[in-house]
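Heads up: the structure comes next, in C-alpha cells.
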Amino acid sequence: MTKDPVSVWPLVIVVGVLIAFVMAGLRAKAREGADYGFGGRYIGRIGGGAAIASNWMSAASFLGMAGLLYLQGYFALAYVIGWTGGYVLLLVLMSGQIRRFGKYTTPDFVGDRYASPAARLIAAIVSITISIIYCVAQFKGIGMVFAWLMGSDYTTGLLVGGGAVVSYVVICGMLGVARNQQMQYFVLIVSFIVPLMFLAYRLGYFWLIPQFGYGEGVQDLAREFRIDFASPFASGSLFQWCALCFTLMVGTAGLPHVLSRFYVLPNIRDARWSLVWGLFFIALIYWSAPAYAVFARLFEARGGMVHDPAVAAKMADIVVLKAAVMGGLPVWVVGILAAGAVSAAFFTVAGLLMTGAASFSHDIYYRLINPRASEARKMAIAKGSSLALAGIIMLLAVNPPALIAEITAVAFALAGNTIFPVFLMGIWWGRANRQGAIAGMLTGIVITFSAPLLGGVVPVVAEIFPVTASALCGAPIVIAVMIAVSLMTPPPPEEMRRFLAEKVHGHLD
Amino acid sequence: MKGPQERYDVNLFKPKKGYMRDEVRIILLILVGWGGATFGFQFLLRLLGDARGESLLTLRTFFTLPFHFWFTGQFLPLWFILLCVIFNIYIDRLTESHSRRRDKSYD
C-alpha cells in the first residue's frame, strides 16, 4: 500500500466537507441561540427521521457492510436484515414505554427502574464499553480511508485520521458547534448514492435506481465468471445466519445511543412516526450497499484481478472506495464518496465519545464517587474522560481484530445480551427486581465474551455463542436468569410497580 | 377486591384489560410477522435447498435478482417499514379511541 499515490483531490474534498460542517454548525448556533438541536427546535417527523438515520449511520453502514457483502455474498445480508429489523423491535416493544418512563439515558433508566446504584454502575460500564468497541470500528474505517487518501500505511492513516477526529470533537465542543443532523443525513445519502449511480451507468445497468439495477450484475457475475454471489449459506450455516441476524436485531433495540433518540421529539406520536421515516432513510443505504459489493466483484473479475482471501479481507473495508476507483469515476465523485465515509465515522465518534464521557462523569463520578461535585467539575471530568476514551480507542484500533462490521457486531452482541433484556423485562414485567437485573447483566457480559475467553478450552462455547452473534442463545438465557433470580428474591418496591402499571402501561385507563 | 400485588401486575403475557390488552395484541401480531418473514424464510430456504443449496427459491429470478436474494436483501427491509407503518396507524387509532373514552386529548 505504501506505493500508492496521494489522492489529492479526494483529500481536499474530505477536509473541505468537514470544515463546511463546522462552519454551518457555527452559523446555525449564531442564528438560533443555545437551544438549537437536541430538544430545541421542532423539526417535524421527516426531519426527526433524518436525525435518527444520521445518528445511526456509521463507518459500519457506509464501509463495513459493503465489505462483508463483498466477501460473503448472501450471508452478509444478515447485517442488512439485522440492522433494519431491530427497529421493528424497538418500535413495538420499547419506544412508547421508555418515553413514558421518562429517563433519558440507559444507566438512568436501569438505575431508576431497579432502584439500584449497582445496576446503574453495571449499565454505565456496559454503555461505555459499547461506545469503545463501536468507536474502535469507526477508527479502523477512518484509519483505512486516511491511509488510502494519503497513500500511506494503515498506522500512519490511523494516527492522522484519529488526530483529526479528536481535534474535530474538541473544536466542536469548544465552539459549541450545533449538530444539524438533517443536513448530515442529506450529505451522507447523496455521497453514497451518486457514485453508485455513476458506477451503474458505467457498467450499463439501470442507473436511475441502482438499488434495483445491480441484479444484472449478480447475473453477469454468475454467467461470465461463475462467481455465485447469491448462493445461500455458502459462508455460514443457517444457525450462524439466524444467530447473527437476531443478535444485530436485539442489539439495535438495546444500543444506548439509539434508545435515547426518543426524547428529541415533542411527543410520542411524532417519535413513533419519525422512527418509521428513520428506518426508511436507513434502508435507502442498505438497499444500496450490496450494489457496491457486486460492482466491485465485477470490476475485479473483468480486470482479471483475483485476490487471495487474505488480501481480499484486508481491503474489504474500503471496497466501496476501491469500486469507485476501479470503475474509473471522476476524481471529484470519488472525493465525495470518501467525504461521506469520513463524515459518517466522525459524527458517530463525536456522538459516542460524548455519550461515553457523559456516562462516566454523571453515572460513575457524580453518582458514586463524588455526589457533591459541582457542574463545572462534572464538565471537566467529562472532557477529560472523552480524551481518555479516545486514547484507549486509538490504542485498540492500532491492531484491529476483524472487519469493521464484525467489530461493530460485538458491540451489538453486548447490548443485546445486557441492555436489551433489562429494558425488555424492566418495561414488560413488573416483578423484575434489582437482583434479577444485576444477575442478568453479569450473565450477559460473561456470555458476550465467552467465545474469545473460553472458546479455546471448550470449543462448543464458541459454536453456541459466536463472538459476533452470541445473543440468539445469550439473550434468552439472560432473560431466564433474570426471571429466576427475581422470583427467588423480594419484589421491587411497590412505588415502582405502581408507576409502571399506572403511568407506563395504564396512562389511558 | 384485588390485592396490590395483582393490581400493579405488569406482564407482557397477562396484559391488563383496556389499552394495554389491545396494545399487546398488536405487538404480538407484528412480532409474528417480523419473525416469521425473517427467520421463517431462511428455514424454508434451507429446507427446500438441495446439496448445493439450490431450489426453486434461488433459481427463479425476480426484479433481475435471484428470488431469495431479492426477498432478503430488498423485500425484508421494505416489509419492516410496512410493519412499522401498520403498527403506528393501529396505535394512533387505539390511543385516540381510548383517549376519547377517558375524555382527554391524546398525547
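Below, chains carry the letters A, B, ... as their sequence lines are ordered, and counting in each starts from 1. Here the structure is a predicted model, which means the values were calculated and not measured.
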- Message: I'd like to verify something: which residue of B/W70, B/F62, B/W79, B/F39 has the highest number of heavy-atom pairs under 4.5 Å with chain A?
- Response: B/F39

- Query: By a 4.5 Å heavy-atom criterion (distance strictly below it), what part of B/F13 contacts chain A: side chain, backbone, both, or neither?
  - Reply: neither

- Check: B/I91 and A/R272 side chains under 4.5 Å, non-hydrogen atoms: yes

- Please report the closest heavy-atom contact between A/H505 and B/Y19, naming both atoms and the distance. O-CD2, 4.3 Å

Quick one: side chains of residues 82-90 of chain A, donor-acceptor pairs under 3.5 Å with protein atoms, not counting sequence neighbours, listed by atom name and distance.
{"unit_1": "A/T84", "atom_1": "OG1", "unit_2": "A/V80", "atom_2": "O", "d": "2.8"}
{"unit_1": "A/T84", "atom_1": "OG1", "unit_2": "A/I81", "atom_2": "O", "d": "3.2"}

- Item | Pick from B/L12, B/T38, B/L78, B/L76 with the largest number of heavy-atom pairs that fall under 4.5 Å of chain A | B/L12

- Task: Tell me, for B/P66 versus chain A, whether the close heavy atoms (under 4.5 Å) come from the side chain, the backbone, both or neither.
- Result: side chain

- Closest heavy-atom pair, B/T61 versus A/Q219, reported as atoms and distance to 0.1 Å, is CG2-NE2, 3.3 Å

- Between chain B and each of A/V218, A/L424, A/L77, count heavy-atom pairs under 4.5 Å; write down the option with the most. A/L77

- Roughly how far apart are B/K14 NZ and A/W429 CH2, rounded to 0.5 Å? 9.5 Å

- Note on the structure: Of the listed A/M249, A/Q211, A/E502, the one with the largest count of heavy-atom pairs under 4.5 Å with chain B is A/M249

- Check each atom of B/L82 against the heavy atoms of chain A and say whether the ones under 4.5 Å are side chain, backbone, both or neither. neither

- When you look at CZ of B/R21, are more than 12 heavy atoms from neighbouring residues, nucleotides or ligands closer to it than 6.0 Å? yes

- Message: Taking the side chain as everything from C-beta on, heavy atoms only, tell me whether A/L91 gets closer than 4.5 Å to B/L83.
- Response: no

- Task: Measure distances from B/I26 to the heavy atoms of chain A and classify the residue's part below 4.5 Å as side chain, backbone, both or neither.
- Result: neither

- Message: Just so I know, are the side chains of A/W241 and B/R46 near enough to count as touching, which here means a heavy-atom distance under 4.5 Å?
- Response: no

- Item | chain A contact via B/I30 - which portion, at a heavy-atom distance below 4.5 Å | side chain

- Item | Steps toward side-chain contact (heavy atoms from CB on, under 4.5 Å) verdict (B/V10, A/R497) | CA-CA 8 Å; B/V10 171; A/R497 307 182 66 183; over 6 Å; no

Please set out all donor-acceptor pairs under 3.5 angstrom arising from side-chain atoms of residues 273-284 of chain A, sequence neighbours excluded.
{"unit_1": "A/W273", "atom_1": "NE1", "unit_2": "B/D92", "atom_2": "OD2", "d": "2.8"}
{"unit_1": "A/S274", "atom_1": "OG", "unit_2": "A/D270", "atom_2": "O", "d": "2.5"}

- Here the gap from B/I27 atom CD1 to A/Q97 atom CD, rounded to the nearest 0.5 Å, amounts to 5.5 Å

- Any idea how A/F246 and B/W34 line up, ring-wise: parallel (<30°), tilted (30 to 60°), or perpendicular (>60°)? tilted

- Considering non-hydrogen atoms only, spot the tightest contact between A/W287 and B/G73 and give its length. CD1-O, 3.4 Å

